[in-house]
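Because the structure is predicted, anything quoted here is derived from the model rather than measured.
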Amino acid sequence: MPNPHPTFANSVPSPLALAPHALTVLWLGLMAGFFGTYSANVNMALLQMDGATYATVQSALNRNVRHALFFTLFFGPPVWCALALLAAWREHRAGWWRGLALVGAAYVLGIVFFTQQVNLPLNHTTESWNPQALPADWAGVRDRWNAANLWRAGLSLAAFAAALGTLVWRSATRTRPGLHAATTHDR
């Protein structure tokens, strides 16, 4: 006799179970907006400045972004991603789960590690400049910083879109009765 209460392999997750996943998407969206706005607006404005003004403004921007709110936003995506993955560990074979794991790894390697290896050394370089006696390659350093930030803008936008896709995938995935329902009796 079949079990009258079928269990579904992929039941629709509760809103509480989706919260860390949704916060991952939100944080990634905030960082994509930050990097995108910086690349599309601030970098373009800085290109119009002479060397002395650029050195002063870029150094001020680098220093003024160093505060708790920015660090919380910057490091938040991998933390929320890890929490979302841990909370749904029983679904680690699901495609959305693996996709979200890739998003988290891409953010850690492509944003956090890249920032440490590329952007921070360039920040230290620009902060060490004397605006009245700039090095001959100051414009090249500016261009490398802009290119590095453009990379972060593109990758963070891709990570946001992919994470949003995994959230939609996860929310929409469920086994429908009569199609692939597995009952405890059938096992």
Can you tell me if CZ on Phe71 sees more than 12 non-hydrogen neighbours from other groups inside 6.0 Å?
-> yes
Report yes if the side chains of Val108 and Phe113 come closer than 4.5 Å at any heavy-atom pair, otherwise no.
-> no
Are Phe114 and Met31 connected, step by step, through hydrophobic side chains (Ile, Leu, Val, Met, Phe, Trp, Tyr) whose heavy atoms are closer than 4.5 Å?
-> yes
CH2/Trp151: more than 12 non-hydrogen atoms of other groups inside 6.0 Å | no
List for me each residue that meets salt bridge (charged side-chain N to carboxylate O under 4.0 Å, His left out) alongside Arg93, sequence neighbours excluded, and say none if there are none.
-> none
Residue pair Thr166 / Trp97, side-chain heavy-atom distance below 4.5 Å | no
If every non-hydrogen atom of Ala55 is compared with every non-hydrogen atom of Leu134, which pair is closest and at what distance?
-> CB-CD2, 3.7 Å
Are the side chain of Thr24 and the backbone of Cys81 linked by a donor-acceptor contact shorter than 3.5 Å?
-> yes
Set of ring pair (Phe, Tyr, Trp, His ring centres under 6.0 Å) partners for Trp129, sequence neighbours left out = none
Are any side-chain N or O atoms of Arg98 and backbone N or O atoms of His92, one a donor and one an acceptor, separated by less than 3.5 Å?
-> yes
Shortest non-hydrogen contact from Ala52 to Pro131?
-> CB-O, 3.3 Å
Can you check whether Leu23 reaches Trp27 side chain to side chain, under 4.5 Å on heavy atoms?
-> yes
Going hydrophobic residue to hydrophobic residue with side-chain gaps under 4.5 angstrom, can you get from Leu69 over to Leu61?
-> yes
With sequence neighbours left out, write down each residue that passes ring pair (Phe, Tyr, Trp, His ring centres under 6.0 Å) with Phe70, or none if nothing qualifies.
-> Phe34, Phe74
Compare every heavy atom of Ala32 with every heavy atom of Ser156, then report the nearest pair and how far apart it is.
-> OG-CA, 3.3 Å
Can you tell me how far the CG atom of Leu155 sits from the CD1 atom of Ile111, to the nearest 0.5 Å?
-> 4.0 Å
Flag side-chain contact, heavy atom, 4.5 Å: Val118 against Trp145 | no
For Gly33, does its backbone N or O pair with a side-chain atom of Thr37 as donor and acceptor, under 3.5 Å?
-> yes
For the student: nearest non-hydrogen atoms of Pro77 and Leu73, plus distance = CD-O, 3.1 Å
Identify whether Val112 and Leu122 are in the same connected component of the hydrophobic contact network (ILVMFWY, side-chain heavy atoms under 4.5 Å).
-> yes
ILVMFWY cluster, Trp96 and Leu86 together (side-chain gap under 4.5 Å) | no
Heavy-atom closest pair (Val103 atom, Ala163 atom, distance to 0.1 Å) is CG2-N, 3.9 Å
How about Trp80: does its CH2 atom have over 12 heavy atoms from other parts shown lying under 6.0 Å from it?
-> no
ILVMFWY network linking Tyr107 to Leu120, side-chain heavy atoms under 4.5 angstrom | no
Mind checking the CG-CG spacing from Leu26 to Leu164? Nearest 0.5 Å is all I need.
-> 11.0 Å
Any chance you could measure Leu100, atom CG, to Leu85, atom CG, to the nearest 0.5 Å?
-> 4.5 Å
If you round to the nearest 0.5 Å, how far is CG of Leu167 from CG of Leu18?
-> 6.0 Å
Side chain of Ser59, backbone of Thr56: donor and acceptor closer than 3.5 Å?
-> no
Whichever hydrophobic residues join Met44 through chains of side-chain contacts under 4.5 Å = Leu47
Can you find a heavy atom in the side chain of Phe35 that is under 4.5 Å from one in the side chain of Asn149?
-> yes
Salt bridge (charged side-chain N to carboxylate O under 4.0 Å, His left out) partners of residues 132-153, not counting sequence neighbours, each pair once | none
Pair listing, salt bridge (charged side-chain N to carboxylate O under 4.0 Å, His left out) test, anchored in residues 44-67, at least two apart | Arg66-Glu127
Looking just at side-chain N and O atoms, do Asn146 and Ser39 make a donor-acceptor pair shorter than 3.5 Å?
-> no
